[in-house]
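Let me begin by presenting the structure, written as C-alpha cells, before commenting on it.
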Number of protein chains: 2
Amino acid sequence: MARTGTQSAADAGDTRQRILAIASELFAEKGYAGTSIADISGRLGTTKAALYYHFSSKGDMLTALLGEFLALSADLVEEAIATPLAPEQILGRLIDLTVDSRGLMATVGRDPSVRSAMRAEARRNGSGKQVDVIVSVLVGADQSRAALIRAHSALAITKESTLALIEDNQGALTEEDRAEILAAALRALSAPAAAMSA
Amino acid sequence: MARTGTQSAADAGDTRQRILAIASELFAEKGYAGTSIADISGRLGTTKAALYYHFSSKGDMLTALLGEFLALSADLVEEAIATPLAPEQILGRLIDLTVDSRGLMATVGRDPSVRSAMRAEARRNGSGKQVDVIVSVLVGADQSRAALIRAHSALAITKESTLALIEDNQGALTEEDRAEILAAALRALSAPAAAMSA
DNA sequence: GTCTATATTGTGATAGAC
DNA sequence: GTCTATCACAATATAGAC
C-alpha cells in the first residue's frame, strides 16, 4: 500500500526523512538562520533545486521538524499523565529523548530564531508552550512559584547537561553519566526540608 | 583627556556602546545570523552605513561583545580564586551576571552560530573555554567526572532558569526568585551523602 | 526525482557628498 | 558622524528539460 512502485531504492519518504535528519544536524550546528539550502543539499549530495521537490520552503523543513518534536513531547506528556509516571521517570525519559533527538532539542531549546518563531506561533494560536504541561506534571500538587522554579531548573539540567555531555562523546551517553544527570535534576527538583515548617 | 572636543552630545564612544547594546538585544532575540545590519541600524534610528563608521563589519560587533563577556567572566574568575569565593557566592554572582548581561549570556550560551564560532576560535588558539575555569573552581578538590557533571548542572540552572524568569519579567529578578534559583543550583552541585561510603 | 539554468530579493559592505 | 547611492554577492525560490 505504501509503495507506488515507480520509486528507486531511496524513495520519496526516505529522502524526505534524510533531508530532515540533515537539516536537524545543521540547524543544531549553525542555527536555522545560519544554515542555507545549499548547506543542506551539499551534505545530502544533491542540488538545491532537488530539495524543493520534497519541501516547499526552508521554513517548511523547520515546521516539519517542530512537528516531530511536538509529537514526541506529546507522547511523553500523555504517558506521564496516563501511567502516571513519577518525576524520576519523567526526567529520565527526557534525558533519553534529548539523546535520541539531540539536534531537535538543541534547535528548539537554544536557537534564538527558532524560539522567537515558536513564541510568535504560540501568540497566534493562543496556546502556551508544550513545556508548561511537563512542568505542571513535574510540580504536581504544589503549584507555588518556588515549585515552578524547581521544575524548570530540573528541566534545564536534563536538557543542557545531556546536550553538553553527548557533544563531547559522539552522541552517546554512558549509563553512569545518565545516572549522575538524573540525580542532579532530582536534587534540584526536591523542595528543601526546612521550607516545610516555614 | 578622553574628550577631543569636536563631538556632539552623543559622542563616538557613546554611540558605539549604544550600538553594542542594541546588537546584544537583537542577537539574543533573533540570533546573530538572523539579525541584519538593517535591523540594528533601524532600532538605532540611523542608516546602515552609519554603523560602518563605528565597526568595520558585523563580525566586528560580535567580537566586541564577546570581548565584553570574556572580560566580565575573567573578573569573576579572578575574584573567585583570589578571595576565594565559596560555591554559593560564585553561583550567586553568576546569577547577577546573567541578569546584568542577559543579552550577552543568551547569545554566548544559546546561539548556535556564535557557539560554533567560539569553538572554532578556541581550536585556533588552542585555549579551552572560559567556562572550564569556573567549573574547576566549583568542583574544587574532587576532580571526578561526577563532580564535573554536578558543576555543569549547577551552571545550567543559574543560566537557563535566570534567563527564563527574567524573560517573563522585563529583565528583573525578584529576591525570592534569585534565592530559589541559587538553592536549586546548590542542591544540584552537592554530592549525595550516600555516595561517600561507596 | 533530480538536473541546469535563472529570476528575485536580501545582505554585508563601500564610495563619496555633506 | 551620518547621509544617499550603489555594488557584489549570497540566499530563497521557480521554470522547464531530462
Side-chain angles (χ1 to χ4, degrees), chain A residues 2-23 26-27 29-66 107 111-114 116-117, chain B residues 2-27 29-66 107 111-114 116-117:
Chain A
R3 294 288 182 272
T4 54
T6 47
Q7 294 156 340
S8 54
D11 64 31
D14 224 58
T15 303
R16 189 187 154 92
Q17 279 311 118
R18 285 182 60 216
I19 293 170
L20 286 180
I22 290 169
L26 285 169
F27 291 170
E29 283 172 31
K30 323 188 345 168
Y32 172 73
T35 301
S36 69
I37 300 291
D39 290 332
I40 300 173
S41 65
R43 191 169 289 192
L44 180 66
T46 66
T47 58
K48 294 179 289 174
L51 297 188
Y52 285 93
Y53 175 81
H54 301 277
F55 295 93
S56 65
S57 71
K58 184 183 167 186
D60 192 28
M61 294 180 205
L62 179 60
T63 301
L65 284 174
L66 294 183
T107 298
D111 193 332
S113 38
V114 174
S116 65
Chain B
R3 293 287 182 271
T4 55
T6 47
Q7 295 156 341
S8 54
D11 65 30
D14 223 59
T15 303
R16 190 186 154 91
Q17 281 310 119
R18 285 182 60 214
I19 292 170
L20 286 179
I22 290 169
S24 177
E25 280 173 28
L26 285 170
F27 291 170
E29 284 173 32
K30 321 189 347 171
Y32 172 73
T35 300
S36 70
I37 300 290
D39 290 331
I40 300 173
S41 64
R43 191 170 290 193
L44 180 66
T46 66
T47 58
K48 292 182 292 172
L51 297 188
Y52 285 92
Y53 175 82
H54 301 277
F55 295 92
S56 64
S57 70
K58 184 184 169 187
D60 193 27
M61 294 180 205
L62 179 60
T63 301
L65 284 174
L66 293 182
T107 298
D111 194 331
S113 39
V114 174
S116 65

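Any value given below was found using the heavy atoms of this structure, including those in side chains, with hydrogens, waters and symmetry copies removed. Lettering follows sequence order; numbering is per chain, from 1.
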- Task: Just jot down the side-chain hydrogen bond (donor to acceptor under 3.5 Å, both in side chains) partners of A/Thr46, sequence neighbours excluded, or say none.
- Result: none
- Query: End-to-end bend of the helix from C/dG1-D/dC18 to C/dC18-D/dG1 (five-pair axes, 10° rounding)?
  - Reply: 10°
- side-chain contact (heavy atoms from CB on, under 4.5 Å) with B/Ala64: which residues, sequence neighbours excluded? B/Arg16, B/Leu20, B/Phe55
- Who are the side-chain contact (heavy atoms from CB on, under 4.5 Å) partners of B/Tyr52, not counting sequence neighbours? B/Ile37
- Note on the structure: So salt bridge (Lys or Arg N to Asp or Glu O under 4.0 Å) across residues 42-59 of chain A, not counting sequence neighbours, yields A/Glu25-A/Arg43, A/Glu29-A/Arg43
- Expressed in angstrom and rounded to an integer, what is the separation of B/Lys30 atom NZ from C/dG10 atom P? 13 Å
- Item | Atom pair distance, as rounded to whole Å: CZ in A/Phe55 and P in C/dT2 | 12 Å
- Whole-Å distance, A/Leu51 CG to D/dA13 P, equals 11 Å
- Query: Once you round it to whole Å, what is the distance between C1' of C/dG1 and CG of A/Leu44?
  - Reply: 12 Å
- Answer with base, sugar-phosphate or nothing: what part of the nucleic acid does B/Thr47 contact at a heavy-atom distance below 4.0 Å? base
- Task: Identify, with sequence neighbours excluded, every residue that meets side-chain hydrogen bond (donor to acceptor under 3.5 Å, both in side chains) alongside B/Thr107.
- Result: none
Just the atom pairs and distances: protein N or O near nucleotides 12-18 of chain C's N or O, under 3.5 Å.
residue, atom, partner, partner atom, Å
C/dG12, OP1, B/Lys58, NZ, 3.1
C/dG12, OP2, B/Ile37, N, 2.7
C/dA13, OP2, B/Tyr52, OH, 3.3
C/dA13, OP2, B/Lys58, N, 2.8
C/dA13, N6, B/Lys48, NZ, 3.4

- Quick one: list whatever passes side-chain hydrogen bond (donor to acceptor under 3.5 Å, both in side chains) with A/Thr35, sequence neighbours left out. none
- Item | Approximate separation, where rounding is to 0.5 Å, of B/Tyr32 OH and B/Leu62 CG | 5.5 Å
- Task: Can you sort out the partners of A/Lys30 under side-chain hydrogen bond (donor to acceptor under 3.5 Å, both in side chains), two or more places apart, ordered by chain and number?
- Result: A/Asp39
